[in-house]
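So that we are looking at the same thing, I have put the structure below in structure tokens.
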Protein chains: 6
Amino acid sequence: MEQLTGLHFNRLLLTGAAGTLGRMLRPRLKRYCQTLRVSDIAAMDPAAEGEEVVVARLEDEAAMYELLRGVDAVLHFGGVSIEKPFSTVLPANIVGAYNLYEAARRHGTKRIIVASSNHVTGFYGQGETIPAHVVPRPDSYYGLSKAFGENLAQFYFDRHGLETVSVRIGSCVPAPEDRRHLSSWLSHDDLERLLVAALSAPVVGHSIVYGVSDNRTTWWHNDQSRHVGYRPQDSSEPWRAAIEAKQPLVNPKRPEARYQGGAFVTLGPFPFAGQE
Amino acid sequence: MEQLTGLHFNRLLLTGAAGTLGRMLRPRLKRYCQTLRVSDIAAMDPAAEGEEVVVARLEDEAAMYELLRGVDAVLHFGGVSIEKPFSTVLPANIVGAYNLYEAARRHGTKRIIVASSNHVTGFYGQGETIPAHVVPRPDSYYGLSKAFGENLAQFYFDRHGLETVSVRIGSCVPAPEDRRHLSSWLSHDDLERLLVAALSAPVVGHSIVYGVSDNRTTWWHNDQSRHVGYRPQDSSEPWRAAIEAKQPLVNPKRPEARYQGGAFVTLGPFPFAGQE
Amino acid sequence: MEQLTGLHFNRLLLTGAAGTLGRMLRPRLKRYCQTLRVSDIAAMDPAAEGEEVVVARLEDEAAMYELLRGVDAVLHFGGVSIEKPFSTVLPANIVGAYNLYEAARRHGTKRIIVASSNHVTGFYGQGETIPAHVVPRPDSYYGLSKAFGENLAQFYFDRHGLETVSVRIGSCVPAPEDRRHLSSWLSHDDLERLLVAALSAPVVGHSIVYGVSDNRTTWWHNDQSRHVGYRPQDSSEPWRAAIEAKQPLVNPKRPEARYQGGAFVTLGPFPFAGQE
Amino acid sequence: MEQLTGLHFNRLLLTGAAGTLGRMLRPRLKRYCQTLRVSDIAAMDPAAEGEEVVVARLEDEAAMYELLRGVDAVLHFGGVSIEKPFSTVLPANIVGAYNLYEAARRHGTKRIIVASSNHVTGFYGQGETIPAHVVPRPDSYYGLSKAFGENLAQFYFDRHGLETVSVRIGSCVPAPEDRRHLSSWLSHDDLERLLVAALSAPVVGHSIVYGVSDNRTTWWHNDQSRHVGYRPQDSSEPWRAAIEAKQPLVNPKRPEARYQGGAFVTLGPFPFAGQE
Amino acid sequence: MEQLTGLHFNRLLLTGAAGTLGRMLRPRLKRYCQTLRVSDIAAMDPAAEGEEVVVARLEDEAAMYELLRGVDAVLHFGGVSIEKPFSTVLPANIVGAYNLYEAARRHGTKRIIVASSNHVTGFYGQGETIPAHVVPRPDSYYGLSKAFGENLAQFYFDRHGLETVSVRIGSCVPAPEDRRHLSSWLSHDDLERLLVAALSAPVVGHSIVYGVSDNRTTWWHNDQSRHVGYRPQDSSEPWRAAIEAKQPLVNPKRPEARYQGGAFVTLGPFPFAGQE
Amino acid sequence: MEQLTGLHFNRLLLTGAAGTLGRMLRPRLKRYCQTLRVSDIAAMDPAAEGEEVVVARLEDEAAMYELLRGVDAVLHFGGVSIEKPFSTVLPANIVGAYNLYEAARRHGTKRIIVASSNHVTGFYGQGETIPAHVVPRPDSYYGLSKAFGENLAQFYFDRHGLETVSVRIGSCVPAPEDRRHLSSWLSHDDLERLLVAALSAPVVGHSIVYGVSDNRTTWWHNDQSRHVGYRPQDSSEPWRAAIEAKQPLVNPKRPEARYQGGAFVTLGPFPFAGQE
């Protein structure tokens with residue numbers, strides 16, 4: 001894609017740079033800044049020109065403080081991004097989020113764009129459409145940790161003036177793979193559009209945006225956050241016929257089909273025993 | 001149009017197949033199923049290959065039970081579709097709807113797509129825009145019967161898990177003919193798009209969608225039902241200049257111009273004596 | 001109770017006068033009118049002074065026309081008031097309601113107070129509180145017929161200016177009998193208060209009011225209809241301790257405990273197969 | 001642009017014809033009427049064929065009465081359009097609006113399209129998105145006067161049946177000039193589209209529409225007024241990169257960046273002492 | 001009544017002190033302050049101990065500036081309080097309100113309690129119940145001027161931090177006199193309770209409260225402003241029977257019965273030609 | 001107080017029994033159960049008859065598992081209840097809440113009543129009134145941890161059917177002490193009423209209720225949770241005059257006066273730098 005904003009940041013920080021989305025985003029983000037600092041706990045590609053590569057654990061308060069030094073804005077993709085036991089989610093996503101915000105506050109970082117998740121509202125039904133400002137219904141420990149992150153962001157804005165855009169990412173994969181993705185897919189290009197919009201909107205306070213492409217079917221709308229300026233341009237439609245032909249049968253009473261969070265509502269060591 | 005979904009049903013039932021919309025839909029629906037069963041009380045074209053033609057009265061409980069045998073999903077266009085005395089509307093649209101749902105429940109039919117009507121909310125004003133989840137304000141016995149059908153659909157979902165998409169059809173004619181149609185027109189192609197979306201969305205519970213094309217002016221929005229995935233592609237705009245030139249004068253105080261239901265609000269053996 | 005309004009009607013009509021509520025209301029209503037006409041299909045006590053006793057079937061259009069002659073306002077308690085097969089509900093509650101309204105329109109009757117029912121919204125949960133203007137979720141054929149009645153009332157007001165107050169009666173029994181009644185109970189005195197308020201409010205259009213006493217626990221609020229002026233004065237609280245002691249265990253996952261409509265959601269010849 | 005409606009008015013009145021927008025609109029409006037009457041207090045170009053040029057002060061009741069004679073509909077762009085002392089705003093925008101409506105009422109003029117302003121809601125934040133039906137939060141005496149005009153329009157519709165579309169114009173300049181304009185810009189062509197839509201929609205009562213192009217970022221949505229049929233076709237996006245590069249820094253805590261009204265919230269002889 | 005707050009102001013200003021409500025309030029307000037300054041353009045009783053009597057025209061900017069000197073808080077009952085020609089309403093209620101707020105701003109006055117009016121929303125129907133935050137529908141020039149005053153108050157809070165409670169007074173008379181009053185009555189004692197609540201609530205920003213007693217029937221609720229702490233203790237109920245007996249007939253189609261504003265919707269030199 | 005419910009539980013668990021509220025509640029709760037188990041990490045009074053005293057750390061997963069054995073329902077008052085560094089809040093309130101719910105899930109405990117807090121929404125203004133279902137705006141790490149607990153409760157209900165009532169306690173002290181308490185006070189008796197209501201309501205799912213007495217001024221309403229049946233009977237009003245006289249001056253621009261959370265919004269090692 002062409003460069004999506006006339007803004008040029010001095011230094012952006014991308015956390016979670018060794019993850020699937022992090023690796024995809026790293027070359028894209030380089031266009032929008034003088035220096036791109038990337039971090040993870042796992043091995044990353046060596047620093048290219050204009051890049052800084054830092055190994056830092058989110059739960060390491062001191063390391064996070066150093067990581068934020070000199071950073072204009074953060075794209076926070078670090079932490080656990082799938083369902084895990086609470087003991088795994090806790091340090092990475094809850095302690096880690098706190099460490100990140102506290103470091104940002106102390107350094108005076110202006111804005112954080114957070115990879116939140118549709119799993120914050122995963123227990124809403126696939127037969128309804130919701131806006132961003134609903135009561136959270138997380139579908140997993142992962143979703144719970146992301147709901148915590150959104151509340152943390154609200155607090156750091158109300159209390160300290162640090163702005164955040166929380167992006168409730170749908171299914172960000174190269175191409176839609178199943179019938180749920182037809183509604184929840186977010187293309188890589190649209191994710192870039194959304195991140196750039198979130199970085200460049202002049203005033204965001206704490207805004208929440210669903211990260212979803214312009215799919216024909218969807219469960220979400222972003223009418224409460226038009227000020228962020230996210231306009232998706234991709235759609236799952238070209239994949240529809242093949243996916244529908246491959247997966248014709250959906251039992252609307254099975255929890256994973258019934259709720260927006262899909263299979264997340266049934267993951268874990270224990271059986272589903274909810275509203276069904 | 002090309003085929004709009006990768007899904008292929010074993011057997012679809014189209015009621016009201018001898019009606020204006022039924023005749024238009026019959027060849028279109030054949031693409032989405034192995035067998036298309038069509039029914040009406042009036043004479044229909046003989047069955048082509050892959051078709052089954054059944055004469056059945058909606059008010060005949062036993063006939064309806066037979067009609068639903070082996071059906072995956074129903075497109076219910078049968079019954080009275082214009083204003084008639086209550087004694088005419090009752091058997092076709094109220095008793096008939098009950099018979100249809102009860103037969104579907106007994107056979108385990110999965111989903112019904114109902115030709116509901118904008119006349120369910122016809123007493124809202126042409127100077128306002130409404131979503132689907134408003135208190136019904138039917139404008140006629142016909143509108144009343146369609147409101148009954150929507151409540152019936154909600155009941156059969158809540159009680160029996162039978163899913164419905166109620167389509168509040170605007171003015172489904174080949175081309176817009178008057179100034180009201182500029183707002184209410186639904187093209188034949190968009191109706192097909194909507195029916196296919198309603199058939200193929202994995203989870204719908206009971207959803208309500210206004211059946212209207214992407215007209216520049218409209219009184220309705222479908223933001224509460226984006227999960228159904230209806231995206232109109234046609235518009236009344238090409239007909240606008242000619243219609244406006246032909247019909248420049250509209251008296252906004254006349255009931256038929258003031259209310260969304262148009263002339264329906266004044267039909268019948270008795271004069272209008274409402275809010276005017 | 002003392003007389004609750006300074007208004008005095010020339011002739012009021014009470015339908016369903018042989019029913020449980022009808023018999024209770026008959027002596028109470030006499031205070032508010034010169035002549036009280038009562039009707040039913042079953043045997044009624046003979047007419048006392050100032051009373052007129054008429055046997056009339058709701059589904060008999062001509063009889064209903066005669067019944068409405070000379071009537072100022074109607075309290076419509078006739079028809080089926082429990083769950084019955086649709087074929088039983090239909091003539092009494094749907095055809096009957098139409099006949100009543102059409103007769104009232106032709107005679108110029110000013111207002112109808114209808115015994116609607118909480119079963120119009122019986123599929124909302126006992127763990128939530130709802131106002132009157134929600135999408136109906138009837139829990140039974142009975143509830144469906146009452147939802148039809150409310151739409152009919154809206155239509156006759158919008159179209160003909162005939163005013164209605166639809167009273168969604170909770171559990172109108174002499175005293176609360178079970179744990180559901182602790183929330184849904186309507187005392188006989190409060191019903192009288194509500195009917196008199198509905199009769200005497202100067203302007204009501206079509207208003208919907210939940211008929212429930214001032215119970216400590218409830219699922220409904222009437223904030224959208226304060227103009228009707230219903231202020232309950234009774235409460236289920238004095239019966240609470242005894243009922244809770246007698247019925248300590250409620251399984252919140254059983255449909256009859258989970259939904260506001262209580263056991264209605266499971267009545268009928270078929271098993272519950274809904275959202276559970 | 002091509003002519004946007006098939007309607008053709010006998011006589012349209014454009015007030016404020018000597019102003020920046022008035023001069024731009026004058027040749028465009030000529031297409032939609034037999035006679036275009038233009039008025040202002042300042043010098044205007046002489047009348048071309050099919051034009052009538054009238055000098056008239058808005059605060060001159062008699063002059064306004066004469067001005068409205070024979071007029072089908074009004075496009076009211078007269079009055080003060082920037083922040084001024086209250087004593088300047090009052091006669092032009094408050095007394096003038098009254099005179100205009102009173103003259104229109106007496107002549108039976110059918111509809112007025114008013115250049116209202118985003119400054120009616122200028123104290124909402126740039127970090128939120130609002131619909132038209134919010135509590136006004138004017139940011140200036142100018143904004144206050146426009147809020148008065150909207151209430152006046154509502155009154156003349158409710159009381160006298162005179163219809164109005166109030167257009168809350170954003171930033172109507174040839175091209176976006178700064179970062180606020182990226183959200184608030186209204187192109188000249190889109191203004192024409194909006195005015196024509198407002199003139200030709202059959203029923204509008206009193207409707208409010210934000211006058212803004214289809215910019216990627218915005219603070220407003222018009223979902224409550226889709227019946228007016230405004231569909232913008234322009235966007236600030238082509239100017240974005242250059243403007244963002246030129247104006248990278250925005251301090252979201254400064255009042256002019258924080259509120260939708262921009263610099264208007266700080267204009268005047270006194271310092272800002274509000275919610276900051 | 002006993003003194004309703006432990007707060008004691010140094011100097012309160014009561015405008016409109018020669019009016020009906022002003023004369024009633026003057027002795028009551030004395031309890032809450034060291035000095036009560038009262039003003040009007042008409043003759044007032046001479047100053048008692050602890051009182052200051054000032055003759056001042058609201059439209060006299062200099063006089064208003066002097067009037068506000070040394071004032072802690074204002075109870076603004078001055079101006080026109082019934083329907084009058086716009087030329088009469090304008091100086092007193094629009095220019096006068098501006099002069100009052102501007103003087104208060106310059107003196108640093110902390111809070112203004114304004115006698116606004118139910119006529120700001122008088123075109124809502126008597127058959128509906130509304131909260132404070134609705135789109136204004138004024139029923140008169142008087143109502144328009146009060147809507148202006150509310151917007152002015154919002155502006156002076158957003159822009160200058162000057163707090164206001166706008167009190168939409170119903171019918172503040174010694175006792176209810178007609179059927180409309182049964183819903184709209186505000187007792188003198190309840191008005192005092194409301195004014196004291198508005199003066200003593202620690203934070204109000206710009207809050208709107210309907211000034212109405214705890215009448216059984218009403219069209220308004222104050223749930224959006226519970227922070228102000230107004231709890232009415234009087235009711236129109238004791239007058240109901242007599243009033244209903246005296247005024248049994250109300251034609252709900254007559255504008256004065258149909259709209260909340262009552263007869264105001266039909267006052268003036270011109271006939272009603274609105275939505276009827 | 002008399003016993004407030006006819007229900008009698010076999011075993012209730014009260015966590016935080018050594019805290020201020022825990023000590024107050026312990027004797028009150030004994031009335032509602034055969035056995036009252038109390039727990040804390042600090043010293044508690046020895047077990048009286050019908051009591052079990054257990055020392056258990058919330059962050060000790062195994063200890064919590066043992067603690068929940070044989071428990072019908074939990075009143076969770078354990079953890080940190082004032083603002084503390086995040087490292088202190090985390091183990092007690094976040095890890096502890098998880099341990100509690102996970103233990104309850106494994107034991108099949110039916111319901112948990114949680115001492116949540118008004119600090120979950122502490123950044124809403126004192127000049128507005130909010131219901132329970134708003135976007136959280138926590139004012140502290142403490143408030144953040146309570147928001148986490150509410151989301152956790154929603155998750156355990158949606159996923160496992162474990163019911164919770166989250167009680168957003170205001171200021172639960174023996175008597176109101178300052179002007180904020182006049183709005184936020186919750187009497188000890190009303191807390192008992194609320195807990196008993198929450199324990200005995202048959203169906204609650206996850207419900208949120210503000211724990212506040214029937215104070216004349218308040219910022220909260222519980223209309224969305226009337227099904228829980230909380231009816232406060234106490235009020236801060238008797239303390240008002242003395243408190244207002246003692247604390248007449250409140251600067252509405254200071255954060256602690258401006259926000260509902262009061263001084264919590266400014267606590268901590270860092271200065272307030274938010275929306276002020």
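We name chains A, B, ... by the order of the sequence lines, and we start the count at 1 in each one. Computation of the quantities below employed the complete heavy-atom set of this structure, encompassing side-chain atoms and omitting hydrogens, waters and symmetry-equivalent molecules.
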Margin query: Once rounded to the nearest 0.5 Å, what's the spacing between atom NZ of E:K110 and atom CG of F:L249?
Written below: 9.5 Å

Item checked: Name of the residue among F:Q247, F:R180, F:R179 meeting side chain to side chain contact (heavy atoms under 4.5 Å, CB included) with E:P202 -> F:R179

Note to self: Quick check: closest heavy atoms across F:W219 and E:H227, and the distance to 0.1 Å?
What the structure shows: CD1-CB, 3.6 Å

Next item on the list: Could you tell me which portion of E:E163 (side chain, backbone, both or neither) has an atom closer than 4.5 angstrom to a non-hydrogen atom of chain F?
Entry: side chain

Note to self: Quick check on E:S225 against chain F: is it the side chain, the backbone, both or neither that has a heavy atom closer than 4.5 Å?
What the structure shows: backbone

Check: Which one, E:L4, E:V204, E:T5, leads in non-hydrogen pairs under 4.5 Å with chain F?
Finding: E:T5

Notebook entry, point to check: Between F:S183, F:P248, F:A242, F:P252, which residue shows the highest count of heavy-atom pairs closer than 4.5 Å to chain E?
Noted result: F:P252

Margin query: Heavy-atom count check: over 12 atoms from other residues, nucleotides or ligands less than 6.0 Å from F:K84 NZ?
Written below: no

Margin query: Could you report the tightest heavy-atom contact between F:E244 and E:G6, atom names first, then the distance?
Written below: OE1-N, 2.8 Å

Item checked: Test log, rule side chain to side chain contact (heavy atoms under 4.5 Å, CB included), inputs F:D214 and E:R231 -> CA-CA 11 Å; F:D214 184 30; E:R231 296 271 184 110; 3.1 Å; yes

Next item on the list: Among F:T217, F:N215, F:T129, find the residue that satisfies the side chain to side chain contact (heavy atoms under 4.5 Å, CB included) test when tested with E:R226.
Entry: F:T129

Item checked: Atom of F:H221, atom of E:D223 and distance for their closest heavy-atom approach -> CD2-O, 4.1 Å

